[in-house]
Amino acid sequence: MLTGHAMLDVKFVRQNLDFVRESLKKRGQPSDLEDFVDSDSKRRALLLEAEELKHQRNIVSQRIARMTKDKEDASELIAEMRTVSQKIKALDEELSQHEQALRSILMGLANLPHPSVPVGKDSEDNVVLRKVGEAPSFDFEPLPHWEIGQDLGILDFERAAKIAGARFALYMGQGARLERALINFMLDVHTKEHGYLEVLPPFMTNRNSTTATGQLPKFEEDLFKLEGWDYYLVPTAEVPVTNIHQGEILNEDELPRLYAAYTPCFRSEAGSYGKDTRGLIRQHQFNKVELVKFATPETSYEELERLLNDAEAILKRLGLHYQVVALCTGDLGFSAAKTYDIEVWVPAQQKYREISSCSNFEDFQARRGNIRFRRKGKKGTELVHTLNGSGLAVGRTVVAILESFQQEDGSVIIPEALRPYMDGVKKISARPGQAGTKQGLV
RNA sequence: GGAGAGAUGGCCGAGCCGGCUGAAGGCGCUCGCCUGCUAAGCGAGUGUAGGAGGAAACUUCUACCGAGGGUUCGAAUCCCUCUCUCUCCGCCA
């Protein structure tokens, strides 16, 4: 059987070969699908043959049962069926080879872009939809956040390197407090105002779950794997949270379901050597509040817009300048049908950097994870649509805050919305001798 | 870590000395009837996936009783391995 682990729908691909080819080409991942057609047709031919034999076996077995009951001699039929069973076994083996081939072909095919996604080659072709707020202006040379953080004694990359290595951060004092404040702030806004249910999931997931959301098998090198265990450290809460409903059949009236989860995220960042080597932008471990939705197909694109708004709300309240970008076909992630990125302004770099990525996966993940729903009064099941988006990446939010609200004297103003989460602290400034000493507690 | 018990349909729960059991019974759900509303009651229906046929409603076949193997003409039922859950003992928080 081929249930549950395809990505695109086998039937759909079979019946829309040209469309699929065209879509994959737009993504810059062309495939002639010849191997698909080949495996698929072989598989069906073998299936037919095997099922006919099984039918025969079932009927004759019943006859044997009756004969045995009536004390008749069935040894001839039994001998006959013995060879039939052997034949079935051989066919089943051949069949499973083709099914495996077909599955791995399907697993390698990326999701089809939604018609509204701009066609393009790479990130150059992404479309900026809007810019919100204004970039802060400075009458002094703004410092990069790592310098601000180190000067304030709230970020320590040298000791982090000693403890773990490159691409790790050690937050101290008000830095650690700021990170925690942001997590709480984000969770509160999403759960109390946007209607999400807070969840705290496992930070490791097994192979099956990691495959369902699309991180495996294609992106294994991006993940941290626990040696000797079937566990992967989560690269995003998307993995454990989307798998909450793995294998379930939900009721239509339970949809949409909205979840908000804080987790640390672990990424190997293989292949990004030399990029963003300083500071908090690219870490092996970072914190994120993730928003995940399960929706019906007819509402999933409305839900995507709402998800985007929910993520933007955080930046607005913090008073950070950002832009919203629609990813083009060539820049779309493997599993996504449509993605908006939110990019926050990073003053020291004079650049917008991704701080959230909001995607509709349609039924792509649901098919792998076998997440379905039943419509009221209708027979059968349908796959749900899954969506997720960062709301937001916490470390990068710290970057934006430190750099955007830095003062000439090296202090940093805390956005008003965050102060309740910081014991009313309005500003982080350097106070020599404070960190970790008894005087600091006064 | 040691000893035991279990895993069945949306849910609960029979079957488990092998053969009309895709699976009794109950709950839930859907449709219809009945009652002034609600509740109760009565009747019918109600798993998933894949294949073949059909424009379609649908028909038919195959598979599925935690997962994967094995025995057998035939397995939810017997055997092996694994996973998970529960109980008791020990250990650690």
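Keep in mind that what you see is a predicted model, and the values were worked out from it rather than measured. Here is the naming used below: chain letters follow the sequence lines, and residue numbers restart at 1 for every chain.
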Rounded to the nearest Å, what distance is computed from the [atom1] atom of residue [X] to the [atom2] atom of nucleotide [N]?
X        : N     : atom1 : atom2 : value
A/Arg57  : B/A75 : CZ    : C1'   : 11 Å
A/Asn251 : B/G28 : CG    : C1'   : 10 Å
A/Ile59  : B/G74 : CD1   : P     : 15 Å
A/Asp9   : B/A49 : CG    : C1'   : 12 Å
A/Asn208 : B/C84 : CG    : P     : 13 Å
A/Glu99  : B/A49 : CD    : C1'   : 12 Å
A/Leu46  : B/U62 : CG    : C1'   : 14 Å
A/Arg207 : B/C82 : CZ    : C1'   : 17 Å

Give [X] one of three labels, base, sugar-phosphate or nothing, depending on what nucleic acid heavy atoms sit under 4.0 Å from its own.
X        : answer
A/Thr381 : sugar-phosphate
A/Arg374 : sugar-phosphate
A/Asn58  : sugar-phosphate

query: Any idea how A/His284 and A/Phe168 line up, ring-wise: parallel (<30°), tilted (30 to 60°), or perpendicular (>60°)?
result: tilted
Parallel, tilted or perpendicular: ring planes of A/Tyr196 versus A/His194, cut at 30 and 60 degrees:
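A/Tyr196 and A/His194: perpendicular rings.
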Take atom [atom1] in [N] and the same atom in [M], then report the distance between them in whole Å.
N     : M     : atom1 : result
B/C34 : B/A40 : C1'   : 11 Å
B/G18 : B/C86 : P     : 33 Å
B/U85 : B/A67 : C1'   : 15 Å
B/G22 : B/A49 : C1'   : 13 Å
B/U77 : B/G70 : C1'   : 15 Å
B/C88 : B/C80 : P     : 27 Å
B/G13 : B/G66 : P     : 14 Å
B/A23 : B/G47 : P     : 10 Å

Contact check, residues 79-91 of chain A vs RNA chain B, heavy-atom distance under 4.0 Å, returns A/Met81, A/Arg82, A/Ser85, A/Lys89
RNA chain B-proximal residues of residues 242-249 of chain A, any heavy atom under 4.0 Å
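Correct list: empty, so none.
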Query raised in the report: Who passes side-chain contact (heavy atoms from CB on, under 4.5 Å) against A/Ile244, sequence neighbours left out?
Result: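 A/Ile244 satisfies side-chain contact (heavy atoms from CB on, under 4.5 Å) with A/Val199, A/Val241, A/Tyr259 once adjacent residues are dropped.
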Closest non-hydrogen atom pair, [X] against [Y]:
X        : Y        : answer
A/Ala295 : A/Leu387 : CB-CD1, 4.1 Å
A/Val425 : A/Lys427 : CG1-O, 3.3 Å
A/Val117 : A/Ala337 : CG2-O, 3.3 Å
A/Leu95  : A/Arg43  : CD1-O, 3.3 Å

Check: Any chance CD of A/Glu158 has more than 12 other-residue heavy atoms, nucleotides or ligands included, within less than 6.0 Å?
Finding: no
Not counting sequence neighbours, list each pair that qualifies as a ring-ring contact (aromatic ring centres under 6.0 Å, His included) and has a residue in residues 52-73 of chain A.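 Qualifying pairs, neighbours excluded: none.
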**Message:** With a cut-off of less than 4.0 Å, is there a side-chain N or O of A/His55 near OP1 or OP2 of B/U62?
**Reply:**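 Checking A/His55 against B/U62: at least one side-chain N or O falls below 4.0 Å of OP1 or OP2.
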* Would you say a side-chain N or O of A/Arg372 is under 4.0 Å from OP1 or OP2 of B/A49? ->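 Answer is yes, contact under 4.0 Å.
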For [X], side-chain hydrogen bond (donor to acceptor under 3.5 Å, both in side chains) partners two or more places apart:
X        : result
A/Asn206 : A/Ser209
A/Ser116 : A/His114, A/Lys338
A/Asp18  : A/Arg21

Requested in this report: Could you run through RNA chain B and flag its stems, i.e. three or more consecutive Watson-Crick or G-U pairs with both distances under 3.5 Å?
Outcome: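 Looking at RNA chain B, the stems formed by three or more consecutive pairs are B:1-7 with B:83-89, B:10-12 with B:25-27, B:28-33 with B:41-46, B:47-53 with B:58-64, B:66-70 with B:78-82.
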Taking only N/O atoms, report every protein-nucleotides 16-20 of chain B pair under 3.5 Å with atom names and distance.
| from | atom 1 | to | atom 2 | distance (Å) |
| --- | --- | --- | --- | --- |
| B/G19 | N2 | A/Ser61 | O | 3.2 |

Q.
I'd like to know if the side chain of A/Asp341 pairs up with that of A/Ser357 as donor and acceptor (distance under 3.5 Å, no hydrogens or angles considered).
A.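 A donor-acceptor contact under 3.5 Å links the two side chains.
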- Message: Looking only at side-chain N and O atoms, does A/Gln365 offer a donor or acceptor that is under 3.5 Å from a partner on A/Thr386?
- Response: yes
What protein N or O atoms touch nucleotides 51-57 of chain B N or O atoms at under 3.5 angstrom, if any, and at what distances?
| from | atom 1 | to | atom 2 | distance (Å) |
| --- | --- | --- | --- | --- |
| B/G51 | OP1 | A/Arg14 | NH1 | 3.2 |
| B/G51 | OP1 | A/Arg14 | NH2 | 3.2 |
| B/A52 | OP1 | A/Arg44 | NH1 | 3.3 |

Side chains of residues 63-71 of chain A: which donor-acceptor pairs under 3.5 Å do they make with residues two or more places apart or in other chains?
| from | atom 1 | to | atom 2 | distance (Å) |
| --- | --- | --- | --- | --- |
| A/Thr68 | OG1 | A/Ile64 | O | 2.5 |

Of the candidates B/C61, B/U48, B/A63, the side chain of A/Lys54 sits closest to B/A63
So the side chain to side chain donor-acceptor pair (under 3.5 Å) pairs with at least one residue in residues 162-171 of chain A (sequence neighbours excluded) are A/Tyr171-A/Glu179
Decide side chain to side chain contact (heavy atoms under 4.5 Å, CB included) for A/Leu307 and A/Tyr340; before the verdict, give the C-alpha distance in whole Å, the side-chain angles of both, and the deciding distance to 0.1 Å. CA-CA 10 Å; A/Leu307 178 63; A/Tyr340 294 114; over 6 Å; no
Next on the checklist: What verdict does the side chain to side chain contact (heavy atoms under 4.5 Å, CB included) test give for A/Glu382 and A/Asp363, after you've listed the backbone C-alpha separation in whole Å, the side-chain angles of each residue and the deciding distance to 0.1 Å?
Outcome noted: CA-CA 9 Å; A/Glu382 282 176 61; A/Asp363 62 13; over 6 Å; no
